[in-house]
Amino acid sequence: MKKSVLVASAVGMIALASCGGGKKAEGSADAAATDSVPTAQAAPEYRTLNLPTVDLAKFAKDKDGWITLFDGKTFDGWRGYGREDMPARWTIENGCIKMTGSGKGEAGAEDGGDIIFAYKFTNFELELEWKVDKGSNSGIFYMIQEVESPDEQGNWKTQPSYISAPEYQILDNANHPDAKLGKDGNRQSASLYDMIPANPQNSKTFGEWNKAKIMCYKGTVVHYQNDEAVVEYHLWTPQWTEMLQKSKFSQEKWPLAFELLNNCGGENREGFFGLQDHGDTVWYRNIRIKILE
């Protein structure tokens, strides 16, 4: 597997870079200084994976600029996160992408794992529909970077997709315990996971289809659920860094996640869109995206 190294500079030496402020990779654009950047410390070591991507021009676009990312019949353009094939637990059922739950927790099954559409997006509107089985948990990730880092023995290990990507939570709020964790409902459906609760919380019950939309434009991100705007925040700002520091992705609790999320999208402020295997059954359909110039 060919890999390219992404060199990161120290957190305290750099202020907020695009899609998540804080440190920046070597060669990235200058970032604005901020008092919220923590005390300087050694940057976590990691490198990016150089795996196949797709030519977006090959995918159907309608007159309004919407590009179909899933045709309901094939996995064209899709692959597993950190791999070149599709995990077998993801299948196509009645025009939907289906993750059949393993019951083994997050990416616990050998034939499971998160999946991505293999093209890096910058400014976009993403739309899709989702439904969950009773008690199910999943997520929509955006601005994903595929990275690996060394363990204590120096062996390079692929890190999970959520370590670099904000998450639009997918959840059966009534029956999954995560709905009661976090703070003020910030782990319920359509929330920015573990940071901002969706308000209003207007998801439909398990077994029913919900509509999700994510708009990302020059650092402004809005989550929509069932045609209502429920979350808004701004990447690459002191407020973004502050939210990270108060979450499970803080520099103290998880230095590598903080490094990647604080510089979300990396040097080019772009990343993959992906769907989470949390060990539960979930369906997705009508997946499309519009590039915002």
Side-chain angles (χ1 to χ4, degrees), residues 49 51-52 54 59 68-119 126-142 144 146 157-181 187-191 193-194 203-214 225-226 272-289:
L49 303 179
L51 296 176
V54 299
F59 293 82
T68 299
L69 300 186
F70 173 61
D71 62 10
K73 301 175 182 178
T74 71
F75 279 122
D76 288 350
W78 294 80
R79 60 174 173 81
Y81 170 84
R83 53 196 285 182
E84 298 188 25
D85 62 339
M86 278 290 294
R89 193 162 284 275
W90 291 91
T91 58
I92 298 172
E93 178 183 274
N94 299 324
C96 306
I97 294 178
K98 180 183 180 181
M99 157 51 64
T100 301
S102 64
K104 295 182 178 180
E106 189 172 333
E110 291 183 2
D111 55 352
D114 297 351
I115 61 173
I116 63 170
F117 185 82
Y119 182 89
L126 172 70
E127 286 188 353
L128 67 157
E129 292 176 288
W130 60 272
K131 70 175 180 179
V132 292
D133 205 355
K134 185 175 182 179
S136 287
N137 184 334
S138 185
I140 304 168
F141 298 116
Y142 46 99
I144 294 172
E146 290 180 296
K157 304 290 186 181
T158 300
Q159 296 298 313
S161 60
Y162 57 78
I163 202 170
S164 66
E167 178 182 356
Y168 180 116
Q169 173 78 312
I170 301 296
L171 198 74
D172 174 8
N173 292 334
N175 297 290
H176 195 286
D178 216 19
K180 297 179 176 63
L181 301 178
R187 296 188 182 183
Q188 296 184 9
S189 66
S191 298
Y193 177 76
D194 207 50
S203 68
K204 299 177 183 178
T205 189
F206 71 91
E208 295 187 21
W209 287 103
N210 291 269
K211 183 177 180 181
K213 182 168 80 168
I214 300 166
Q225 182 166 251
N226 296 321
F272 300 109
F273 143 64
L275 304 174
Q276 184 183 38
D277 168 15
H278 206 283
D280 299 325
T281 300
V282 60
W283 295 261
Y284 296 95
R285 70 181 184 186
N286 296 331
I287 305 171
R288 64 180 191 165
I289 201 164

J.: With sequence neighbours excluded, tell me which residues meet salt bridge (charged side-chain N to carboxylate O under 4.0 Å, His left out) with K213.
T.: E125
J.: For S164, check side chain to side chain contact (heavy atoms under 4.5 Å, CB included) against everything at least two apart and list the hits.
T.: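 Testing S164 for side chain to side chain contact (heavy atoms under 4.5 Å, CB included), a comparison that skips the adjacent residues, returns I144, Q145, L260.
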J.: Partners of D111 by salt bridge (charged side-chain N to carboxylate O under 4.0 Å, His left out), sequence neighbours excluded?
T.: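 Only R89 meet the salt bridge (charged side-chain N to carboxylate O under 4.0 Å, His left out) criterion with D111.
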J.: Mind checking whether S203 and Q225 have side chains closer than 4.5 Å, heavy atoms only?
T.: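 Yes. Closest side-chain heavy atoms under 4.5 Å.
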J.: Would you name the heavy atoms of P87 and I115 that are closest together and state the gap between them?
T.: CD-CG2, 3.7 Å
J.: Holding to salt bridge (charged side-chain N to carboxylate O under 4.0 Å, His left out), I want the full list of residues that pass it with K204, two or more places apart in sequence or in another chain.
T.: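 K204 satisfies salt bridge (charged side-chain N to carboxylate O under 4.0 Å, His left out) with no other residue.
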J.: Sequence neighbours left out, what pairs pass salt bridge (charged side-chain N to carboxylate O under 4.0 Å, His left out) with at least one residue falling in residues 159-174?
T.: none
J.: Would you say the side-chain atoms of D114 pair up with the backbone N or O of D277, donor to acceptor, closer than 3.5 Å?
T.: yes
J.: Shortest non-hydrogen contact from Y119 to V54?
T.: CD1-O, 3.5 Å
J.: For F206, which residues count as a ring-ring contact (aromatic ring centres under 6.0 Å, His included) partner, sequence neighbours excluded?
T.: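 Testing F206 for ring-ring contact (aromatic ring centres under 6.0 Å, His included), a comparison that skips the adjacent residues, returns none.
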J.: If I compare all heavy atoms of M99 with all of W90, which pair ends up nearest, and what's the gap?
T.: CE-NE1, 3.1 Å
J.: Return yes if some donor-acceptor pair links the side-chain N/O of H278 with the main-chain N/O of D280 below 3.5 Å, else return no.
T.: no
J.: About how many Å separate CG of L128 and SG of C96, when rounded to the nearest 0.5 Å?
T.: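 CG of L128 is found 11.0 Å from SG of C96.
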J.: Q169 versus D178: any side-chain heavy-atom pair under 4.5 Å?
T.: yes
J.: Taking side-chain hydrogen bond (donor to acceptor under 3.5 Å, both in side chains) as the test, write out the residues that go with K98, two or more places apart.
T.: E93
J.: Within the structure provided, determine whether K73 and I92 are in side-chain contact (heavy-atom separation under 4.5 Å).
T.: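 No, side chains not in contact.
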J.: Mind listing the closest non-hydrogen atom pair of F117 and D76 along with its distance?
T.: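 Closest heavy-atom pair between F117 and D76: CE1-O, 4.1 Å.
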J.: Any side-chain heavy atom of F273 within less than 4.5 Å of one from I214?
T.: no
J.: Report the residues that fulfil side-chain hydrogen bond (donor to acceptor under 3.5 Å, both in side chains) with W78, sequence neighbours left out, ordered by chain and then residue number.
T.: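 Applying side-chain hydrogen bond (donor to acceptor under 3.5 Å, both in side chains) to W78 gives none.
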J.: Testing W130, F70, W283 one by one against I97 for a side chain to side chain contact (heavy atoms under 4.5 Å, CB included), which residue passes?
T.: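 Only match with I97 under side chain to side chain contact (heavy atoms under 4.5 Å, CB included): F70.
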J.: If the condition is side chain to side chain contact (heavy atoms under 4.5 Å, CB included), which residues does S138 pass it with, not counting sequence neighbours?
T.: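 Counting only residues at least two positions away or on another chain, S138 forms a side chain to side chain contact (heavy atoms under 4.5 Å, CB included) with I170, Q276, V282, Y284.
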J.: Restricting to salt bridge (charged side-chain N to carboxylate O under 4.0 Å, His left out), what partner residues turn up for E146, sequence neighbours left out?
T.: R79
J.: Could you tell me whether the side chains of N173 and S189 share a donor-acceptor contact shorter than 3.5 Å?
T.: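 S189 and N173 do have a side-chain donor-acceptor pair below 3.5 Å.
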J.: Hey, are the side chains of D194 and R187 touching, using non-hydrogen atoms and a 4.5 Å cut-off?
T.: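 Yes, their side chains come closer than 4.5 Å.
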J.: Counting heavy atoms not belonging to N94, are there more than 12 under 6.0 Å from its CG?
T.: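 Check fails, neighbour count at 12 or below.
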J.: Residues in ring-ring contact (aromatic ring centres under 6.0 Å, His included) with Y162, at least two apart?
T.: W254
J.: Taking the side chain as every heavy atom from C-beta outward, state whether L126 and L69 have any pair of such atoms under 4.5 Å apart.
T.: yes
J.: Just grab all the salt bridge (charged side-chain N to carboxylate O under 4.0 Å, His left out) pairs involving residues 127-142, residues at least two apart or on different chains.
T.: E127-R288, E129-R285
J.: To check you understand the geometry: which heavy-atom pair defines the closest contact between F272 and A118, and what is its length?
T.: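 Heavy-atom minimum between the residues: CE2-C, 3.7 Å.
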